[in-house]
Amino acid sequence: MSENENGDNKLGKYTVIASLVSSLALVGLFASLSVAVNSSRGAEVYSKVDIIAGMAFVFVLSMIVSASVWPTVIENKLKME
Amino acid sequence: MLLTKIILKIINPTTQEKISFKISGMTCSACAQNIEKVLLKDEGVSSASVNLPAEKATVSYDPTIVRPEELEGAIESIGYRVVKESITLDVGGMKCAACSQNVEKVLKKLKGVDSANANISTGKAYIEYNPSFVTVAEMKAAIDGIGYTASLPIDRKSTEDREKKERELEVKKQRNNLLISVAILIPVMLGNMKGMFPSLLGFVPVFFSDRNVLFLLTTIVLAFPGRQFFVGTYRGLKHGVTDMNLLIATGTGAAYLISVASSYLDLGPGYMHNYYDTAVMLITFIILGRYLEARAKGKTSESIKKLIGLQAKSARIVVDGKEKDIPVEDVQVGDIVSVRPGEKIAVDGVVIEGNSAVDESMITGESIPVEKNEKDIVIGSTINKSGTLKFRASGVGADTALARIIELVENAQSSKAPIQRIADVVAGHFILIVHILSLLSFFFWYFVGYEKFNAAFYSGIESPFLFSLLISITVLVISCPCAVGLATPAAIMVGTGKGAENGILIKGGEALERTLKIDTIVFDKTGTLTKGKPELTDIATTSKHSEEEVLAIAASAEKGSEHPLGEAIFMAAESRNIGIDKVDKFQSIAGHGIKASMDSGEILLGTRKLMDDNGIDISSVTKSMEEFENQGKTAMIVAKDNEVIGVVAVADTLKDKSKEAVEKLLDMDIEVVMLTGDNRRTANAIANSIGITKVLSEVLPEDKVSQIKMLQDEGRIVAMVGDGINDAPALTQADIGIAMGAGTDVAMESAQIVLIKNDLRDVLASIKLSRLTMRKIKQNLFWAFGYNSIGIPLAAGLLYPFVNKILISPELAAAFMAMSSISVTTNSLLMKKSKIK
């Protein structure tokens with residue numbers, strides 16, 4: 001395997017991991033905030049469907065965003081190394 | 001350090017790579033040695049060999065230590081140039097600015113690609129590359145790999161045919177998609193609305209509101225007409241690139257999925273309503289936009305199609321006295337071509353027999369047919385109007401004037417104006433920014449806005465998720481990167497095309513932009529402001545002789561002369577049908593004039609000195625002489641039998657339209673400067689007669705560049721208009737070089753604007769065209785940026801808290817988006833109706 005291919009593989013792997021982690025973190029934040037709002041009000045502001053569907057939507061959008069942002073960041077990092 | 005390198009070599013012996021560079025600028029073996037030396041100085045280079053005749057350097061190097069770009073830099077640092085190869089690939093499937101960015105990005109990632117410029121309007125990618133690193137096949141594969149199609153243009157005609165077919169296919173495809181979408185949209189809309197207004201829509205069959213029917217119909221729309229967005233998104237994501245398909249797929253996909261879920265799952269309160277109509281309408285509006293855009297895009301490249309369509313298909317050549325029809329591709333330089341009245345002249349050539357009027361309007365824009373006689377040049381693809389002509393082919397295939405014009409216009413249309421950089425930067429990050437804004441809007445309305453602004457009450461949507469989702473989808477679908485991406489190329493295509501139709505060839509976006517800033521125009525005098533050929537202008541006589549008599553004697557004496565001044569006198573007599581006498585003896589006296597013997601007597605024609613030397617009194621014509629000379633004319637005394645009979649004046653006369661052109665340029669607040677090698681008196685006389693106040697006279701050809709530089713040093717943006725070989729360096733030095741059509745190939749190569757006709761008013765027209773095109777580009781960019789900057793915040797619900805709970809629905813957003821890119825294309829097309837002359 002050439003050095004370039006190796007670099008591309010690394011970049012791809014790191015991008016997927018970083019995107020998943022950041023998206024899941026945002027989904028976690030979304031879910032926690034929703035639950036926190038519900039608990040603080042004592043009444044259900046967000047239904048379970050709202051929260052689950054919202055988590056799915058946030059995950060999709062944040063995956064799109066992070067999959068666009070991370071490659072550049074990781075590529076620069078790899079170059080610096 | 002050395003030890004480390006040796007160890008590295010032993011551990012990893014395969015790190016050596018070989019690379020070749022094509023180099024220009026080498027003149028002798030010393031150059032080759034210099035290059036070898038500088039390359040060998042680089043750490044990591046193990047061998048360097050330069051082949052002078054092949055102009056090629058081959059280098060063995062260690063890529064872990066030195067990069068190829070550094071090797072290139074080393075060669076260029078000592079004054080040589082690494083020659084890059086360039087290629088234009090036809091790229092299919094580019095639909096928006098993000099697509100062209102993706103193509104450029106994937107190409108630039110390839111080792112050896114120096115620059116890549118993809119144009120969505122032309123569907124082409126112009127690439128500069130080093131063939132040692134990357135092959136055309138690799139570049140094509142890279143483009144294919146991200147979901148577009150790349151191919152090599154076969155030849156212009158077949159490319160044109162293929163492009164036409166592809167465009168027609170695209171229009172047809174989008175029309176069919178649109179028809180399906182509209183046909184399904186009607187029942188879906190009625191079905192969805194029946195639930196909301198049952199009494200109003202009582203006529204709508206009940207099954208239209210059935211969730212299974214709605215699901216089925218919407219699925220058909222998404223699976224067939226809408227398939228392109230999802231397939232495009234998938235292909236892009238697979239290779240890490242995003243385009244506007246993703247925006248549409250995310251928006252419609254979210255509306256569809258939530259509708260399916262609310263139809264078949266018990267999602268509880270707030271999820272009774274579904275959004276099938278939203279998904280179908282989004283797809284329908286966007287397809288409507290694509291359909292209209294595909295139709296409009298074809299029109300932006302109409303001018304180049306027209307030029308290609310001008311090419312003749314066959315030619316009639318004369319072989320052994322017999323005429324033979326052959327395909328135009330088979331005509332060779334030197335062939336004798338015959339062309340009858342009404343026929344198209346097949347290739348470029350020089351007339352050897354016959355005379356005729358030729359309609360050159362398709363090339364020069366000049367509507368009046370041009371008279372062609374023996375030795376005149378004919379241009380391929382023009383139309384022979386009246387007589388039969390035979391000409392010797394001098395330019396065939398890619399060397400015809402038309403082929404060169406087409407190439408020039410094509411290159412110009414693929415070029416980018418510097419102003420486009422802003423659009424490129426925005427388009428490059430557009431999709432990402434829109435998704436971030438969409439996500440932020442979702443968070444805001446979900447956690448804050450929905451409750452704070454009582455959205456449940458005003459919108460009737462009981463779920464905060466659904467309300468926020470609709471806003472988020474609206475943000476995605478209202479944003480239009482297409483308008484941003486099309487703003488500049490669409491205007492450049494129409495502008496350069498319009499120029500070509502009028503005999504004005506502008507070599508690219510940069511030239512257009514620079515022309516706008518011109519504040520000074522320098523005209524080379526000879527051949528540009530003047531005809532470049534002396535003509536008889538005045539005759540003064542003594543009391544005993546008539547003008548006709550003086551001219552007849554002068555012309556008779558000059559009959560045998562090859563001097564341009566003599567030719568001018570002879571031609572003037574001929575045009576006035578004045579009889580010429582036979583000359584017995586003719587003697588040219590260098591620098592002074594001529595002496596001739598005729599039946600009527602001894603004739604002397606020339607300077608004061610010539611007359612003085614022969615003891616002739618010139619006092620009777622001194623006043624006229626001075627008068628003519630003050631006007632910048634060359635005055636010659638005519639004497640017969642040692643008695644002065646008159647004076648003839650010859651001058652390089654101004655072109656008919658020079659004065660008009662200069663006046664109009666002055667009206668545009670552009671300073672006009674005349675540059676000439678003539679003496680101050682002659683130069684001032686000519687300049688004054690056409691209203692030029694700034695004159696640079698007695699300028700040697702080699703000093704023209706420094707004169708332009710001096711003007712530039714004064715902070716002026718200078719355009720230089722010229723036609724000769726000696727104008728070429730000045731044309732290059734000027735901010736904008738304008739070559740006149742009758743000029744040399746060298747001048748045309750050096751200029752950024754080429755005027756095919758020899759009409760100075762075209763200088764004015766080219767400035768007007770540049771201003772018009774730049775105005776359109778700015779309008780387009782203003783519209784595209786303005787639309788997105790206003791549309792996106794509105795879609796995000798910015799007005800909702802403040803103005804009557806106003807929200808844009810996703811359907812309306814899709815309609816706005818579709819109209820946005822069409823309006824940019826249409827605005828560019830409006831240029832076709834503007835007058836530049």
Quick one: of Val69(A), Leu33(A), Ile51(A), who has the most non-hydrogen atom pairs under 4.5 Å with chain B? Leu33(A)
Under 4.5 Å, heavy atom to heavy atom, which residues of residues 19-28 of chain A contact chain B? Leu26(A)
Pairs of heavy atoms under 4.5 Å with chain B: top-ranked of Asp50(A), Thr15(A), Val49(A), Val37(A): Asp50(A)
Proximity breakdown for Leu246(B) and chain A, heavy-atom pairs closer than 4.5 Å: side chain
Relative to chain B, which segment of Ile52(A) carries a heavy atom at a distance below 4.5 Å: side chain, backbone, both, or neither? neither
Can you tell me how far apart OG (Ser68(A)) and NE2 (His429(B)) are? Round to the nearest 0.5 Å. 10.0 Å
Could you please state which residues from residues 438-446 of chain B sit under 4.5 angstrom from chain A, measuring non-hydrogen atom to non-hydrogen atom, sorted by number, or 'none'? Ser438(B), Leu439(B), Phe442(B), Phe443(B), Tyr446(B)
Lys48(A) atom NZ, neighbour heavy-atom count above 12 within 6.0 Å: no
Got a sec, which residues hit side-chain contact (heavy atoms from CB on, under 4.5 Å) with Leu807(B), two or more places apart in sequence or on another chain? Phe467(B), Ile471(B), Tyr800(B)
Taking a cut-off of under 4.5 angstrom between non-hydrogen atoms, the residues of residues 53-66 of chain A near chain B are Ala53(A), Gly54(A), Phe57(A), Val58(A), Leu61(A), Ser62(A), Ile64(A), Val65(A)
Which one wins on heavy-atom pair count under 4.5 Å against chain A: Gly253(B), Ser463(B), Ala261(B), Ser468(B)? Ser463(B)
Is the shortest side-chain N to carboxylate O distance from Glu75(A) to Lys109(B) below 4.0 Å? no
Check whether any side-chain heavy atom of Phe447(B) lies under 4.5 Å from a side-chain heavy atom of Ser34(A), and answer yes or no. yes
